[in-house]
Amino acid sequence: MSEESLYRARVSRGLCPKALDFVSSLRDDERILVDDILGTLAHVLGLKEAGVLTERECRKICRVLGGLLKQARSGELRLEGPYEDVHEFLENEVIKRVGIEIGGKIHSGRSRNDQVALAIRLRVRKELLKTCDLLLKTSEEFLHRAEGCVELPIPFYTHTQQAQIGSLGHYFLSKFDDLLEDYDRLVDCFKRVNLSPLGACAVAGTGLPIKREMAVKLLGFSGLVENSLSAVSSRGFMLEVASCLNILMSDLSRIAEDLILWSSNEFGFVTPSDEYASTSSVMPQKVNPCTLELMRARAAEVQGLCMGLFSILKGLVTGYNRDLQETKPILWKIFDLTQDSLAVLKGVISTLKINEERCLSVSRGSYALALDLAEGLVLEYGVPFRLAHRVIGQAVRKCAEEGRKLTELSVQELEEISEKAGQKLKLRPDFIKKYAEPLASLRFRKTRGSPNPAEARRMLLKRRGELKKRRRSLDEVQNKIDKSISELLRKAGVR
Ligand code: ARG
């Protein structure tokens with residue numbers, strides 16, 4: 001038996017270096033170091049309450065853990081040594097400092113299986129709150145930009161063909177709604193993340209009289225993962241969070257794609273600020289939207305990582321399996337990619353240059369005004385829609401063949417076309433103008449949720465309130481957790 005190893009009484013020798021390196025998660029565990037110490041503090045207080053540790057023993061252990069916490073928070077604590085993971089490292093550190101007589105008691109009634117599940121949940125909770133905070137900040141930028149351009153027309157596309165006239169403000173509002181939906185999904189996960197698995201021990205509970213509810217309270221959880229088997233074995237919460245982040249990244253990627261397309265010379269609606277653009281080593285004229293392109297690629301990466309997570313989990317026998325170790329770095333990577341993308345997107349949006357002239361001129365020349373004209377015929381002259389569709393369709397064909405805009409068509413020409421189509425009409429002289437000016441076209445559409453500037457303003461106002469509501473409750477959740485952790489540290493005599 002290796003002298004230094006706490007765990008290896010059962011076997012005749014230590015792991016060979018290659019095997020140790022292969023099984024060890026020590027490097028990845030940096031990410032849960034602080035959380036593991038906090039979880040251990042709560043466990044130690046529970047052991048005192050259960051009568052496993054005396055007051056004095058508890059105080060001694062907490063003092064050591066407090067020192068380690070401080071070092072971990074400042075980044076001084078190096079996770080190194082011949083350990084398989086942070087849990088073995090931590091127990092060794094405590095025993096090194098207070099001796100096995102006292103330190104040897106901290107793992108009573110606990111296994112690394114509930115310990116790691118606890119640390120993961122604490123860390124996921126933290127990352128989730130950070131992501132939510134970033135997401136609210138980025139969403140707010142979309143509202144802000146919407147405010148300035150509810151009257152700025154751009155074509156909206158279906159099949160990447162100009163479809164109807166919308167506004168850039170309406171576009172930003174739509175993306176805000178997508179992001180808010182993503183936000184609500186993440187918040188919904190939170191209640192399944194914020195549960196304590198501690199006390200499940202290896203897989204089926206412990207004979208020691210530990211009150212599991214105590215750790216719930218001390219660590220600011222909202223409840224227990226009650227079933228001991230689920231507590232150590234289930235990772236549905238990780239799949240759920242990863243999936244929600246995957247959806248969020250897919251939304252960010254679509255925004256990136258829009259802006260990449262719109263910043264091309266051919267579209268020219270927007271220009272990403274120089275701070276967010278790269279240049280070419282060889283073509284002097286180029287300004288490339290590399291930040292957005294990478295966001296699009298990183299969404300693909302997140303999708304792949306998410307798939308990896310599912311693949312690890314789907315075949316696992318119920319209980320703890322070491323495969324679970326590999327799920328952590330995958331989820332951290334997904335969080336990192338998402339948080340970085342959110343922060344960069346916020347910058348891109350807040351500094352985005354909007355080319356108003358270009359948006360206007362493209363809209364003015366666009367046949368995307370055609371449906372408004374057809375609906376004008378329906379509304380003012382009672383033309384059956386199918387006939388109106390035929391008349392305007394022929395009008396557009398004529399314009400396209402002659403290289404003219406719809407606004408250049410005369411009322412007489414439209415009357416001739418409609419007569420040939422079997423619909424004799426006497427149109428007002430300003431009929432085409434009334435519907436075929438982009439801003440008029442926007443105002444013409446009055447249905448709820450349409451890009452009518454008045455409607456966009458109403459939506460904007462409502463969403464300001466929605467955003468505020470969510471900010472308030474996110475801050476409340478964060479404050480509650482902060483308070484629980486300070487209270488835990490106070491009880492453990494750590495400052
Ligand atoms: N490093 C391990 C993990 O991340 C901790 C749990 C180890 N448990 C065990 N029974 N070997 O999953």
Side-chain angles (χ1 to χ4, degrees), residues 1-2 4-11 14-40 42-43 68 72 77-95 106-127 193 195-206 215 225 228-239 241-242 305 308-335:
M1 170 188 160
S2 133
E4 318 85 71
S5 171
L6 292 173
Y7 299 165
R8 296 183 65 82
R10 173 66 180 78
V11 288
L15 278 165
C16 77
K18 230 187 220 117
L20 177 61
D21 191 55
F22 190 75
V23 299
S24 179
S25 59
L26 210 53
R27 265 187 303 268
D28 293 331
D29 286 348
E30 200 84 57
R31 193 80 174 228
I32 52 169
L33 175 59
V34 165
D35 309 280
D36 201 28
I37 299 173
L38 291 173
T40 301
H43 179 60
L68 292 171
L77 188 59
R78 296 255 58 87
L79 264 184
E80 47 199 14
Y83 307 116
E84 288 191 33
D85 53 36
V86 63
H87 319 298
E88 189 180 4
F89 168 85
L90 205 60
E91 191 177 348
N92 267 277
E93 285 299 307
V94 173
I95 289 175
I106 66 166
H107 211 54
S108 317
R110 179 173 78 164
S111 138
R112 281 185 293 167
N113 301 346
D114 58 344
Q115 183 177 359
V116 72
L118 175 67
I120 295 171
R121 283 175 181 273
L122 286 172
R123 187 70 205 204
V124 170
R125 178 172 88 176
K126 203 181 296 172
E127 299 293 348
V193 169
L195 302 172
S196 172
L198 194 66
C201 205
V203 66
T206 166
V225 188
S228 67
L229 182 55
S230 305
V232 299
S233 175
S234 300
R235 294 292 187 272
F237 71 100
M238 292 174 85
L239 291 178
V241 169
L305 288 164
L309 209 51
F310 273 91
S311 304
I312 289 176
L313 287 163
K314 75 155 193 63
L316 286 190
V317 170
T318 300
Y320 176 83
N321 301 275
R322 196 64 180 261
D323 314 47
L324 290 175
Q325 180 167 293
E326 301 302 275
T327 59
K328 288 171 288 173
I330 295 180
L331 188 57
W332 308 145
K333 178 90 187 172
I334 292 177
F335 269 121

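This chain uses plain numbering: 1 for the first residue, then up along the sequence. Quantities reported herein were computed from a predicted structural model and do not represent experimental measurements. Both counts, for ligands and for their atoms, begin at 1 and track the order of listing. Scope of the values below: all heavy atoms of this structure, side chains included, with no hydrogens, waters or symmetry mates.
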Return the residue, atom name and 0.1 Å-rounded distance of the protein heavy atom closest to [atom].
{"atom": "atom 8 (N) of ligand 1", "value": "Asn113 OD1, 2.9 Å"}
{"atom": "atom 3 (C) of ligand 1", "value": "Tyr320 OH, 3.2 Å"}
{"atom": "atom 11 (N) of ligand 1", "value": "Arg112 NH2, 3.4 Å"}

Nearest non-hydrogen partners of Val232 and Tyr320, listed with the distance =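 Shortest heavy-atom contact: O-CD1, 4.3 Å.
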**Prompt:** Closest heavy-atom contact between Val124 and Phe237?
**Reply:**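 Shortest heavy-atom contact: CG2-CE1, 4.3 Å.
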If you measure every N/O of Asp29 against every N/O of ligand 1, is any gap under 3.5 Å? no
Polar-atom distance check: Asp85 versus ligand 1, any N or O pair below 3.5 Å? yes
Heavy-atom check, side chain of [X] versus side chain of [Y], under 4.5 Å:
{"X": "Leu68", "Y": "Phe89", "value": "no"}
{"X": "Leu122", "Y": "Lys126", "value": "no"}
{"X": "Glu91", "Y": "Leu6", "value": "yes"}

Relative to the heavy atoms of [X], which atoms of ligand 1 are at a distance of less than 4.0 Å?
{"X": "Gln325", "value": "1 (N), 2 (C), 3 (C), 4 (O), 12 (O)"}
{"X": "Arg322", "value": "11 (N)"}
{"X": "Lys328", "value": "3 (C), 4 (O)"}
{"X": "Ser25", "value": "1 (N)"}

Review point. Are the side chain of Asp85 and the backbone N or O of Glu88 linked by a donor-acceptor pair below 3.5 Å?
Key: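 Yes, the answer is positive, given that a donor and an acceptor are paired below the 3.5 Å cut-off.
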Problem set entry | Side chain, backbone, both or neither: His87 near ligand 1, heavy atoms under 4.0 Å |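 The answer is the side chain.
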- Task: Answer yes or no: is there an ion pair linking Asp28 with Lys328, defined by an N-O contact shorter than 4.0 Å?
- Result: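 Result for this pair is no, no salt bridge flagged.
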